[in-house]
Amino acid sequence: MITQDAAPGADFEDHRPRMFAVAYRMLGSAAEAEDTVQDAWLRWSSADRGDVEHPGAWLAKVVTRLCLTRLTSARARREEYVGPWLPEPVLTGGGVLGPLESAEQRDSVSMALLLLLEQLTPVERAVYVLREAFAYGHREIAGLLDLTEANCRQLYRRAAGRVAAARAAGPRPRFQPDPAQWQSLVEAFLTAAHDGDLARLEGMLTADVQYVADGGGIVGAARRPILGPDKVARFLVGALRKYAAGLPVSFAEVNGEPALIVGGTVLQVEIEDGLVRGLRSVVNPEKLEFLQRQLSHS
C-alpha cells in the first residue's frame with residue numbers, strides 16, 4: 001500500500017527511466033541527464049499536484065525545458081573544451097536508455113548521431129529527439145515546448161534535413177557486421193596492433209580512417225583527430241605499448257553498439273566492409289564515472 005506522502009515519489013519513480021532517456025539523448029551526457037532528473041524532482045516535489053492531470057506529460061515538459069537551458073550553456077563550455085568532444089559513453093545492454101531492439105532505436109543513442117545532433121540548435125534538437133526517438137506527435141511536442149504545431153513541423157523538417165545532409169556528406173557504411181563478426185574483426189585488429197605489425201595493421205584500415213580521442217585535457221590523449229592509415233597505425237601501436245600494456249580488455253554494448261572496455265576506458269571501432277573506418281576513444285575520467293558505476297554493478 002502506498003501512503004499519501006509516498007505516492008508523489010512513486011509517480012516520479014515510474015517516469016524516472018524515461019526522463020533519463022530523454023535527457024541523455026538531448027544532452028549527450030549521463031551526468032547532466034542525472035542532474036536534470038534531480039532538478040525535475042525538486043520541481044515535482046514542490047508543485048501543486050492537484051493541478052497536474054497527467055504526471056508523465058508534466059514531467060516530460062519540465063525535463064525538456066531543463067535540457068534546453070542546459071544546452072544553451074553547454075555550447076559556451078564546449079567551445080572551451082580541450083581537444084575533441086565526445087558524448088559520455090553508457091552501457092546499454094541493460095536497457096538504461098530504453099528499448100534498443102531496432103536499428104532505429106540503437107541509432108538514436110549512437111555516438112555518431114549524438115555528435116551530429118550537436119550541430120542543431122537546442123530547440124531543433126529537442127523536436128528531433130522527441131519525434132525520432134520517442135515518437136511524440138507534433139501536437140504533443142508543441143505542448144511540451146510551448147510552440148505552435150506548425151512551428152514544430154518546420155523545426156523538425158529543418159533538423160531532419162540537417163542530420164540527413166551531414167550523414168550524406170560523410171562516409172556511409174555498406175556493411176554492418178553483427179556483434180560476433182565485429183568481435184572477430186576487432187580481435188584480429190588488436191592482435192596486429194599488439195604485435196606491432198604495422199603492415200598488417202594498415203591493411204585493416206580504410207584509406208580515410210580516423211582516430212578521435214576525448215581526454216578533456218585531464219589525461220594524455222591526442223588533441224586533434226589522427227587521419228590516414230599510416231598515422232593511425234603508428235599511433236595505435238605506440239599508444240597500446242605506452243598506455244594499455246597489461247590492461248584488461250572486455251567487450252560490451254556501449255550506446256547501442258559493440259565496443260571495447262580497456263582498463264575502464266571506452267574504445268568504439270567502426271567497421272566498413274571488413275575494414276576499420278573509425279575509432280573513438282573516451283578516456284576523460286569525468287566522462288567515465290557513470291559507466292564505471294554501471295560496471296561496478298554488473
Excluding L240, membership of its hydrophobic cluster (Ile, Leu, Val, Met, Phe, Trp, Tyr; side-chain heavy atoms within less than 4.5 Å) reads none
Between the main-chain N or O of A133 and the side-chain N or O of Q105, is there a donor-acceptor pair closer than 3.5 Å? no
Filter on salt bridge (Lys or Arg N to Asp or Glu O under 4.0 Å), then keep only pairs touching residues 103-124, sequence neighbours left out; what's left? R78-E118, D107-R167, E118-R125, E124-R158, E124-R162
Would you be so kind as to tabulate the donor-acceptor pairs closer than 3.5 Å made by side chains of residues 187-198, with sequence neighbours excluded?
residue, atom, partner, partner atom, Å
E187, OE2, Q183, NE2, 3.2
T191, OG1, E187, O, 2.9
D197, OD1, R200, N, 3.1

Taking distance alone, no hydrogens or angles, what donor-acceptor pairs closer than 3.5 Å link side-chain atoms of residues 33-40 to residues at least two apart or in another chain?
residue, atom, partner, partner atom, Å
E34, OE1, R293, NH2, 2.9
E34, OE2, R293, NH2, 2.6
T36, OG1, E32, O, 2.8
T36, OG1, R70, NE, 3.1
D39, OD2, R70, NH2, 3.3

Please list every donor-acceptor pair under 3.5 Å in which a side-chain atom of residues 139-147 meets a protein atom from a residue at least two apart or in another chain.
residue, atom, partner, partner atom, Å
E140, OE1, G137, N, 2.8
D146, OD1, K61, NZ, 2.9

R223, CZ atom: more than 12 neighbouring heavy atoms under 6.0 Å: no
Rounded to the nearest 0.5 Å, the OH atom of Y128 sits from the CG atom of L116 at a distance of 8.0 Å
Drop me the distance from N255's CG to L97's CG, to the nearest 0.5 angstrom. 7.0 Å
Assert yes or no for the condition that the ring centre distance of Y24 to F290 is strictly below 6.0 Å. no
Residues joined to L91 in its hydrophobic cluster, side chain to side chain under 4.5 Å directly or through other members, sorted by chain and number, are Y81, W85, L86, M111, L115, V212, V254, I261, V266, V282, L288, L291, L295
Rounding to 0.5 Å, atoms CH2 (W44) and CZ (F12) come to a distance of 9.0 Å
Taking it one step at a time, do D208 and R277 satisfy salt bridge (charged side-chain N to carboxylate O under 4.0 Å, His left out)? CA-CA 7 Å; D208 59 350; R277 186 189 73 189; over 6 Å; no
